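Computed from a predicted model, the values in this text were never measured in an experiment.
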Amino acid sequence: MRSLNSRIIDKILNPEKDSMIVYDPDGLVDQAVLEELSERGFHVIEYKDPIAFRFEYESEFRDKAKSFLVLTRETPAGELPFDIYSSLLTVDVSLSSIFPKLSRTALESLERWELDRLNDSYSDDLDYLSTRRTREFILKRIYEFDPSKRYNLTELIAWLIKLHYNRLQLRGELFDLVMDIAREKGYERLLDLPSFVEHRESFLEFLQERWPVFLKRHGRFSVSDNNEASFRQKGPNSLPFDDPSIKVYTDTMFAEGLLKPVPVDDPSKFEKSWMVIGIDGPGSERIRFKKLLQIVSDSLPKANTSYNNWIDFAWRWAELNLVACSIPLGNDDQLDMNAIRTIIDSQFESWMTEEYGRLLTVSSRWPVTVRDILSWTSKLTIENKKLALIVIDGMSLLQWLRVSDCMEDFSFEQYAAYAMIPTITAVSRQAIFSGMLPMDLPSLTSNSAESRLWERAWLDRGFREREISHINKPDNQLIREVEQSINNGRSLIGIVIRELDEKAHGENIGMRALLAATETWAKESCFLDLCKLLFREGYEVVITSDHGNVEANGMGNPSEGLIAETRGERVRIYKDRLLRGKIHLEYPDSIEWIPVGLPQNFFPLIARGRRAFTTANSVVVSHGGLTLEEVIVPLIRLRKG
C-alpha cells in the first residue's frame with residue numbers, strides 16, 4: 001500500500017501540468033510533501049495575504065519559466081484572484097478526495113498519524129460508509145476494537161492493555177461511540193470502562209491492585225500489605241494475568257515500570273516462573289534490567305519513524321537507565337549499555353537532523369515541541385479558569401521517574417515533548433513561556449524577558465494583567481510567592497524551579513549522584529507542598545521541563561576569546577558561520593547545527609554524541625546537545641490521587 005504522502009503527491013502531479021492551484025482545506029499537504037514537491041522542481045507560493053501573494057506572484061512567477069503551485073488552505077480556489085483561478089488547473093487535496101468512500105465528518109477530528117494508519121487499510125473497493133460506519137471502521141482498523149464483536153472480560157482487559165501500552169487515547173466521538181457500544185453490550189457491568197478508556201493511569205492502577213490477588217490465589221500464599229477492600233479502582237477483584245492475550249504484555253509492563261513488583265512471603269517459589277518479574281525480591285531488579293535491555297534493543301526506532309515512536313522509546317530508555325543506576329553493573333552489562341547507547345545517539349542525531357524542521361510545523365492536539373505547551377494549556381483554561389504551569393529547569397525523563405516515585409498523593413497523565421534546539425535554557429524555557437519560536441524571541445542570551453513574554457502570551461488570549469503571575473524564586477521563597485499570587489487573585493501562574501538544573505551543573509561525579517540528589521530534592525524541597533497548595537486552591541497543574549541532561553566526556557575547551565556568544569559545555573553559539581566553521585575544524589567531533597527556527601546570526605556548534613567542550617577526559621552532567629535524554633522532556637498533567 002502506498003503511503004498517504006505518496007498518494008497526495010501523485011494526486012497533485014497526476015495532471016502533469018507545470019503550474020496549478022492546490023486546494024488543501026484539511027492541511028494534508030505537510031512539510032514532507034512540500035519538500036518532495038520542491039525536489040521535483042516545483043516552487044510553492046502559499047495564498048494567505050492577498051497583497052503579499054500578488055507581490056510575490058507578479059515579481060517571481062508571472063511570465064517566468066518556473067513550475068509553481070499556488071497552495072491555498074483557508075480560501076477556496078474559486079475565491080482566488082480571477083486571473084489566477086481562470087488560468088490554472090485546480091487540484092483538490094481534501095479528506096473527501098483522498099478517502100472518497102469514508103465520511104468526511106468522521107475523518108475531520110483525526111490526527112495525521114491516524115490518517116496515515118487509516119490509509120494502510122483504505123481501499124476504493126469499500127462500500128460508501130456513513131458517519132457511524134466510518135467511525136466503526138476507524139475503531140477496528142486503528143484502535144483494534146471490533147464493534148461487531150461481543151467481548152468477554154479477558155478480551156476487554158487485553159484490549160485495554162494494548163490500547164494503553166501503545167499510548168493511544170480515544171477521544172471525542174470515537175470515545176462516545178465505544179461507550180455507546182459498551183452500554184448496548186453490557187460491558188459497563190464488567191468494568192469501569194469510561195474511566196479505564198479515558199485515563200491510562202487509572203487502568204494501570206486497576207491492574208496493579210489486582211496483581212497481588214492473582215499471586216495469592218495462584219500460589220496460595222500471603223502477599224504483603226494487600227487488602228482487597230481498599231481497592232481504589234472498581235472492578236472484579238481478580239484478573240487472569242496468565243491468559244495468553246494478557247500474559248504477553250504483563251512481563252513487559254513490569255519491565256518498563258508500568259506495573260511495580262510486589263513483596264511476597266517466599267520469593268523463591270517464583271524463581272523459575274514467568275511471574276518472577278512481578279515479585280519484589282532478591283535479584284528482581286537485575287531480572288528486570290535484562291528484560292528491559294532486550295526490549296529496548298528490539299524496539300529501537302527505524303530511520304523513517306514518527307516523532308511519537310521516539311517519545312515512546314524515550315520513556316523505555318529512561319526506565320532502563322533508572323534500573324541500571326539502581327544496581328551494580330558487571331562488565332558485560334556495561335558493555336551492553338554502552339553499545340546500545342552509541343546506536344541510540346547516532347540514530348536519534350540523524351533523525352533529528354532530518355526531521356527537526358518538520359517537528360516545528362506538526363499540528364497535534366498534544367504538544368509536539370515545548371513551544372506548543374502554552375497553546376495546549378490555554379485550551380485547558382476553558383475547562384478550568386485556574387492554571388499553574390511549573391517548569392522544572394533541566395529535569396530529564398529519567399529524573400522525572402525518580403521524582404514521580406515520591407508523589408504518592410497524586411496521579412498524573414504522562415506525556416512528553418521535544419525541547420528546542422539547542423537544548424539550553426535561554427532558548428527552550430523562553431519558548432515554553434512565550435509559545436514562540438526562538439527566532440521570534442527578543443533575546444537568546446538571557447531569560448530576562450521571560451516574565452513579560454508569559455504575560456504578553458496570555459494578554460493576547462484575552463486575559464487581564466491582574467490575572468497573570470510569573471514566579472522565579474529560590475525554594476525557600478517559592479511557596480510564599482505563590483500564596484501571595486493566589487491571594488491576589490492570579491488565575492494564571494507560571495513557576496520556574498531552578499534547583500534541579502543547578503544540581504546537575506554541580507554534579508561532576510555522574511548520573512547516579514544526580515539521581516540521588518534528585519530524590520533528596522523531591523523529598524525535602526517545597527515541590528510536593530507546592531503541588532498540594534495549587535490543587536487545594538483549584539488550579540489545573542501542568543509540570544514540564546525545558547531540557548534534560550546527559551553525562552558527557554570532555555574533548556577539550558576551545559580558546560575563543562570573544563568569538564563565542566555563548567560558551568556551554570555541550571554547545572557553543574557563534575554570530576558568524578565562518579567563525580563557527582573554524583572551531584568545527586579544530587573539534588571535528590561536533591555538529592554545525594542548521595539554525596532551523598533560530599534567528600539570523602545564531603549558529604550553534606553542538607558537541608556530538610556524549611562529548612563536551614571541557615577539559616579532556618573530564619566527566620560532566622550538562623545539556624545543550626542532541627541526545628535523546630536532552631531533547632525529549634516530560635510533560636505531566638497532575639491529578640489528585
Side-chain angles (χ1 to χ4, degrees), residues 5 8-9 11-13 15 17-98 108 112 356-365 367-369 371-372 374-376 378-379 420 430-431 434-442 453 456-462 594-602:
N5 276 0
I8 292 170
I9 291 167
K11 188 172 185 63
I12 293 172
L13 299 182
K17 298 287 187 180
D18 290 336
S19 301
M20 67 194 81
I21 298 167
V22 177
Y23 180 42
D24 177 33
D26 302 306
L28 298 179
V29 180
D30 63 10
Q31 189 64 29
V33 172
L34 292 175
E35 290 174 7
E36 177 68 20
L37 292 170
S38 177
E39 289 177 6
R40 298 196 185 197
F42 284 89
H43 300 271
V44 178
I45 173 173
E46 187 164 356
Y47 185 88
K48 290 182 178 178
D49 177 79
I51 297 174
F53 169 81
R54 176 58 72 179
F55 176 80
E56 185 176 2
Y57 174 73
E58 295 292 341
S59 59
E60 298 291 335
F61 297 101
R62 181 184 286 277
D63 300 328
K64 292 185 171 64
K66 289 183 179 180
S67 297
F68 67 90
L69 303 175
V70 176
L71 177 63
T72 176
R73 302 183 196 272
E74 296 181 4
T75 304
E79 296 178 17
L80 296 179
F82 180 75
D83 61 320
I84 305 293
Y85 176 65
S86 61
S87 63
L88 297 177
L89 176 73
T90 297
V91 177
D92 178 38
V93 180
S94 64
L95 290 169
S96 298
S97 67
I98 299 296
E108 284 177 328
R112 184 52 180 251
Y356 179 69
R358 294 175 190 158
L359 282 181
L360 302 181
T361 67
V362 172
S363 176
S364 174
R365 286 177 178 79
V368 177
T369 67
R371 74 119 175 182
D372 303 322
L374 191 134
S375 177
W376 177 66
S378 70
K379 296 184 179 99
M420 296 287 101
Q430 286 195 108
S434 67
M436 298 162 64
L437 284 172
M439 63 187 295
D440 299 320
L441 294 169
L453 290 169
R456 171 50 54 192
W458 290 105
L459 289 174
D460 290 345
R461 286 166 170 79
I594 301 170
V596 180
L598 295 169
Q600 294 181 345
N601 303 324
F602 191 92

Residue pair [X] / [Y]: nearest heavy atoms and the distance that separates them:
X: Ile8; Y: Val93; answer: CG2-CG1, 3.8 Å
X: Asp49; Y: Ala52; answer: OD2-N, 2.8 Å
X: His43; Y: Phe61; answer: CB-CE2, 3.5 Å
X: Ser434; Y: Ala457; answer: O-CB, 3.8 Å
X: Gly597; Y: Leu360; answer: CA-CD1, 4.1 Å

Using a 4.5 Å cut-off on heavy atoms from C-beta on, say whether the side chain of [Y] contacts that of [X].
X: Val362; Y: Asp30; result: no
X: Met20; Y: Ile12; result: yes
X: Leu374; Y: Arg461; result: yes
X: Asn5; Y: Glu36; result: no
X: Leu13; Y: Phe42; result: yes

How long is the span from the [atom1] atom in [X] to the [atom2] atom in [Y], to the nearest 0.5 Å?
X: Phe55; Y: Glu60; atom1: CZ; atom2: CD; answer: 8.0 Å
X: Arg371; Y: Leu441; atom1: CZ; atom2: CG; answer: 10.5 Å
X: Glu39; Y: Leu34; atom1: CD; atom2: CG; answer: 11.5 Å
X: Tyr47; Y: Tyr23; atom1: OH; atom2: OH; answer: 13.0 Å
X: Tyr57; Y: Leu80; atom1: OH; atom2: CG; answer: 11.0 Å
X: Leu598; Y: Met420; atom1: CG; atom2: CE; answer: 9.0 Å

Where the side chain of [X] meets the backbone of [Y], is there a donor-acceptor pair that is under 3.5 Å apart?
X: Lys64; Y: Ser59; result: yes
X: Ser97; Y: Asp92; result: yes
X: Ser19; Y: Phe68; result: yes
X: Arg73; Y: Glu46; result: no
X: Thr361; Y: Arg358; result: yes
X: Arg112; Y: Leu28; result: yes

- [ ] Please check if any side-chain donor atom of Asp372 sits under 3.5 Å from a side-chain acceptor atom of Ser375, or the reverse.
- [x] no
